[in-house]
Amino acid sequence: MLSNPLCVWRIHPIMQRISIARGAKTAVLGIVLAMAALAQEQPAPPQAQIPAPAETKPPVTNLPNVPLGPPPSTKTTYANDVVIEARYWLTKAEPAARFFGADATNQFSFKNDIGGNNNHSRPMILVGIPTGHGNRVWFSYAETTFNGGGFNPRALTFAGQAYDPQTLLYAQVKVRNFKLSWDYLTYPAPPHAMRKWQFKTLWEVQGVNMEPLISSTILSEDSTGLITDSGNTTNKSKFMILPTIGAGFDTQPVKNVNFSVKGSGMLFPSHKFIYDAEAKLGVRVIKHLEAVLGYRLFYASLGSKTEQYYRTNMTGPFGGLAWHF
């Protein structure tokens, strides 16, 4: 124990400072502990939402100048339909008989040497069946009958029967034609590249049948005044079938309007040939019905060098209706 009063006096302030310091330290520690307890009771502040990185897009390159929207249609009005078409063909036939190297009596025209120019046409029937890739098979049939009569101005011979000049003759010639044609789309190919027109090659088989008939009237009177007819009737038909090839052009200038031109033919020795051509305009009237107008030319020669052969033509305008399934 310190007995020196001076020491006691000097130590006493120091102790007071130490007590104050300890009290301040205790107070600070209490404040810190209180703040820590308060921090534990309060919820943690929400974390800030970090935005996702924006999706990167490739840089825009220079694109070709193409029209927007669906591509233009490449189908014709009736590209894949089955077609049944009925026409009335106003034909004018001028049949004739010929003989290679024979005298003139074996070579004559039924119209000019017998007379008359009456043609009786029948409806022409066509059926078209698509075969894919823009191709189509067509079958057609047509017929006409020529009728005429009069006094022949010169001697004629038909099928071995001779007729003197100024004989009253009646002639009838029936002409039939059938055709099976495969219209092959040659350009553009493939067919989906088609725009407004098509070029087709035609691979066909055609048949022609001619049935000429000549009747004569030869009147005579006997001594009793009885009139008799010593005339006769002669007929001889011919049939010919030939392969024919050709080409055609189809176009669709506006919607529901089609225009086509086609022609085919074949030439064989011995006076055998077929030439066939037509132009047709079709206008769709309703969904399945089409009105057609056009003009057709047909020429044929049937026979050989060793016998009398026939020649004929069927030409004229036609009109009709086509139904598409």
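Scope of the values below: all heavy atoms of this structure, side chains included, with no hydrogens, waters or symmetry mates. Throughout, numbering of the chain's residues begins at 1 and tracks the sequence.
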Main-chain N/O of H324 paired with H288 side-chain donor or acceptor, under 3.5 Å | yes

Does K92 have any salt bridge (charged side-chain N to carboxylate O under 4.0 Å, His left out) partners at least two apart in sequence or in another chain, and if so, which?
-> none

Contact check, side chains of F199 and T201, non-hydrogen atoms, under 4.5 Å = yes

Between F110 and F146, what is the ring plane arrangement, given parallel below 30°, perpendicular above 60°, and tilted in between?
-> perpendicular

For the pair T234 and Y163, evaluate side chain to side chain donor-acceptor pair (under 3.5 Å) and give the outcome as yes or no after the intermediate values.
-> CA-CA 11 Å; T234 305; Y163 298 98; 3.3 Å; yes

What are the two closest non-hydrogen atoms of L321 and A291, and how far apart are they?
-> CD2-CA, 4.0 Å

Side-chain contact test, heavy atoms from C-beta onward, threshold under 4.5 Å: evaluate it for E307 versus K236 and give yes or no.
-> yes

State, yes or no, whether a side-chain contact exists between S220 and I227 at a heavy-atom distance under 4.5 Å.
-> no

Kindly compute the distance separating CG (L180) from CZ (F139), expressed to the nearest 0.5 Å.
-> 7.5 Å

For the student: nearest non-hydrogen atoms of S216 and D229, plus distance | O-OD1, 4.3 Å

Do V285 and F325 belong to the same hydrophobic cluster, where Ile, Leu, Val, Met, Phe, Trp and Tyr are linked whenever their side-chain heavy atoms lie under 4.5 Å apart, directly or via other members?
-> yes

Cation over ring face, R98 and Y309, 6.0 Å, 45° | no

Which of parallel (below 30°), tilted (30 to 60°) and perpendicular (above 60°) describes F273 and Y275?
-> parallel

With the 4.5 Å side-chain cut-off for hydrophobic clustering, are V82 and L289 part of the same group?
-> yes

Would you please indicate if the ring centroids of F298 and W89 are separated by under 6.0 Å?
-> no

Counting N and O atoms only, with roles assigned by atom type, does the side chain of N135 sit under 3.5 Å from a partner on the main chain of T131, one being a donor and the other an acceptor?
-> no

State, to 0.1 Å, how close Q308 and A159 come at their nearest heavy-atom pair, and which atoms those are.
-> OE1-N, 3.1 Å

How about F100 and H271: are their ring centroids closer than 6.0 Å?
-> yes

D222 side-chain N/O to T224 backbone N/O, donor-acceptor pair under 3.5 Å = yes

Stepwise side chain to side chain contact (heavy atoms under 4.5 Å, CB included) test for T167 and I218 = CA-CA 7 Å; T167 302; I218 303 175; 4.1 Å; yes

Give the cluster check for I214 versus L302: same hydrophobic cluster or not, with ILVMFWY residues linked at side-chain heavy-atom distances below 4.5 Å.
-> yes

In the hydrophobic cluster built from side-chain contacts under 4.5 Å, what are the other members alongside L213?
-> none

Is D183 paired with K262 through a side-chain N to carboxylate O contact shorter than 4.0 Å?
-> yes

K238 to N209 - nearest heavy-atom pair and separation | O-OD1, 3.0 Å

Taking the side chain as C-beta and beyond, is there a heavy-atom pair between N147 and Y170 under 4.5 Å?
-> yes

Heavy-atom distance under 4.5 Å between the side chains of E204 and I245, does that happen here?
-> no

Taking all heavy atoms of I114 and all of A171, pick out the closest pair and write down the distance.
-> CD1-CB, 3.8 Å

Taking atom OH of Y141 and atom CG of L126, what is their separation to the nearest 0.5 Å?
-> 13.0 Å

Verdict with supporting geometry, L293 and F318, side chain to side chain contact (heavy atoms under 4.5 Å, CB included) = CA-CA 6 Å; L293 293 171; F318 63 82; over 6 Å; no

Aromatic Y184 / basic K200 pairing, under 6.0 angstrom, 45° off normal = no

Cut-off 3.5 Å, side chains only: do Q206 and N177 have a donor facing an acceptor?
-> yes

Nearest-0.5 Å distance, OG1 of residue T91 to CG of residue L297 = 11.5 Å

Minimum-distance pair of heavy atoms, taken over all atoms of A93 and T144 | CB-CG2, 4.2 Å

Just do the side chain to side chain contact (heavy atoms under 4.5 Å, CB included) check on H120 and Q172 with the steps written out, would you?
-> CA-CA 11 Å; H120 301 282; Q172 182 185 71; over 6 Å; no

Out of curiosity, K179 NZ to D276 CG, how far, rounded to the nearest 0.5 Å?
-> 4.0 Å

Does a donor on one side chain and an acceptor on the other come within less than 3.5 Å for S270 and S304?
-> no

With sequence neighbours excluded, residues passing salt bridge (charged side-chain N to carboxylate O under 4.0 Å, His left out) with E94 = K111

In Å and rounded to the nearest 0.5 Å, what is the CD1 to OG distance from I274 to S301?
-> 10.0 Å

Between OG of S121 and CG of L90, what distance do you get to the nearest 0.5 Å?
-> 6.5 Å

Return yes if some donor-acceptor pair links the side-chain N/O of Q107 with the main-chain N/O of F99 below 3.5 Å, else return no.
-> yes

So do L156 and L169 actually touch side chain to side chain, heavy atoms under 4.5 Å?
-> yes

Residues E290 and K280 bridged, charged N to O under 4.0 Å = no

F259 side chain reached by F249 side chain, heavy atoms, under 4.5 Å | no

Does the side chain of E211 come within less than 4.5 Å of V175's, by heavy atoms?
-> no

Under a 4.0 Å N-O cut-off, is there an ion pair linking R176 with E143?
-> yes

Check whether the side chains of W203 and S181 place a donor and an acceptor atom closer than 3.5 Å, and report yes or no.
-> no

Out of curiosity, does L267 fall in the hydrophobic cluster containing Y299 (side-chain heavy atoms, cut-off under 4.5 Å, transitive links)?
-> yes

Criterion side chain to side chain contact (heavy atoms under 4.5 Å, CB included) on V208 and F178, from CA distance to verdict = CA-CA 7 Å; V208 185; F178 70 85; over 6 Å; no

